Amino acid sequence: MSSSPRLYELAANTPEGTFIAHYSEGGLVELNFPAKAKITRPNHLAKTVPPQILAWHAVTESALKQILTGGNPSRLPPMAPTGTEFQCRVWAALRQIPSGQTKSYSEIARLIGRPQAVRAVGGACGANPIPVLVPCHRVIAMNQKIGGFSGGLKWKRRLLRIEEVSGF
DNA sequence: AATGACAGTCCCA
DNA sequence: TGGGACTGTCATT
């Protein structure tokens with residue numbers, strides 16, 4: 001019953017470097033920060049990619065550029081990350097945070113109805129496969145500390161500075 | 001099946 | 001300032 005989930009990887013060029021976007025037939029499932037290593041998979045593979053996915057990718061690239069220049073994206077691609085129920089609720093809450101604003105781990109915990117699962121929220125943020133578009137970088141600790149970031153704290157600070165969040 | 005380690009936060013001393 | 005309790009998930013045993 002489960003056909004092998006065909007995945008497509010496409011490069012998205014932005015002012016902050018080249019991200020790699022992964023798509024399933026349901027939408028964007030993963031986004032990778034620019035690798036230090038050279039890009040080995042240029043977009044010419046796109047010829048074999050369904051038009052639907054190319055269209056989604058155009059939206060992704062545009063949304064990334066908008067966020068990375070300090071704005072809110074006018075459109076987002078469909079996103080279909082895989083995760084537990086808990087993680088999906090956390091990620092949904094993250095998407096409600098506009099550019100330039102932050103929430104604490106405990107605020108997210110309260111928003112999803114698990115006010116005491118603050119630490120678990122940190123875990124779910126770390127498991128977010130679509131950084132930037134699902135803005136886990138806008139979650140900081142209650143005491144204004146930056147917390148952690150699976151993509152590396154340099155990226156978290158860079159994203160917060162782009163959004164002109166004071167203190168970072 | 002149990003344990004330990006985490007991107008946190010609160011409480012009590 | 002520091003230790004303990006609490007949460008969900010994953011790796012290890």
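Quick caveat: nothing in here was measured; it's all calculated off a predicted structure. So you know, we letter chains A, B, ... as the sequences are listed, proteins then strands, and number each from 1.
- For the 3.5 Å distance criterion, the side chains of A:Asn72 and A:Ser99 fail to qualify, holding no donor opposite an acceptor.
- The separation of B:dA7 from C:dT1, taken at their P atoms, amounts to 22 Å, rounded to a whole angstrom.
- Among the nucleotides B:dT9, B:dA7, C:dG8, the one closest to the side chain of A:Ala120 is C:dG8.
- Applying the Watson-Crick and G-U wobble criteria (two distances, each under 3.5 Å), B:dA5 pairs with C:dT9.
- Applying the Watson-Crick and G-U wobble criteria (two distances, each under 3.5 Å), C:dG2 pairs with B:dC12.
- Between A:Arg119 and B:dA7 there is no side-chain polar atom (N or O) within less than 4.0 angstrom of OP1 or OP2.
- One atom, CG of A:Leu159, and another, P of B:dA7, lie 19 Å apart when rounded to the nearest Å.
- Picking from B:dG8, C:dG8, B:dA7 the nucleotide with the shortest atom distance to the side chain of A:Ala141 gives B:dG8.
- Summarising the geometry, the separation between CG on A:Leu94 and P on B:dA7 is reported as 17 Å, rounded to the nearest angstrom.
- If you take CZ on A:Arg75 and CD on A:Gln66, they are separated by 10.5 Å, rounding to the nearest 0.5 Å.
- Following rounding to the nearest Å, A:Leu153 (CG) and B:dA7 (P) show an atom-to-atom distance of 10 Å.
- Aromatic ring centroids of A:Trp155 and A:Phe33 lie under 6.0 Å apart.
- Base contact: A:Tyr105 has a heavy atom under 4.0 Å from a base atom.
- If you check every strand for non-hydrogen atoms under 4.0 Å, A:Ala117 touches sugar and phosphate atoms only.
- You'll find that the side chain of A:Phe149 is closest to B:dA7, out of C:dT7, B:dA7, C:dT9.
- Checked against a 6.0 Å centroid threshold, the rings of A:Tyr8 and A:His22 do not count as neighbours.
- If you check every strand for non-hydrogen atoms under 4.0 Å, A:Ser104 touches sugar and phosphate atoms only.
- Atom pair A:Arg114:CZ and B:dT9:P shows a separation of 18 Å (rounding to whole Å applied).
- Atom P of nucleotide B:dA7 and atom CE of A:Met142 are separated by 19 Å, given to the nearest angstrom.
- Side-chain proximity of A:Gln116 to B:dT9, C:dC6, C:dG8: nearest is C:dC6.
- In this structure, of C:dG8, C:dT9, B:dA7, it is C:dT9 that holds the atom nearest to the side chain of A:Gln87.
- Within a 6.0 Å radius of CZ in A:Arg114, no more than 12 heavy atoms belonging to other residues, nucleotides or ligands are found.
- The CG-P distance, from A:Asn143 to B:dT9, rounds to 6 Å in whole Å.
- Atom CD of A:Gln144 is separated from atom C1' of B:dA7 by 16 Å (rounded to the nearest Å).
- Atom pair A:Lys156:NZ and B:dG8:P shows a separation of 9 Å (rounding to whole Å applied).
- Note on A:Gly126: a base of the nucleic acid sits closer than 4.0 angstrom, heavy atoms only.
- Between A:Ser106 and B:dG8 there is no side-chain N or O to OP1 or OP2 distance below 4.0 Å.
- If you run side chain to side chain contact (heavy atoms under 4.5 Å, CB included) between A:Phe19 and each of A:Leu10, A:Thr14, A:Asn32, only A:Thr14 comes through.
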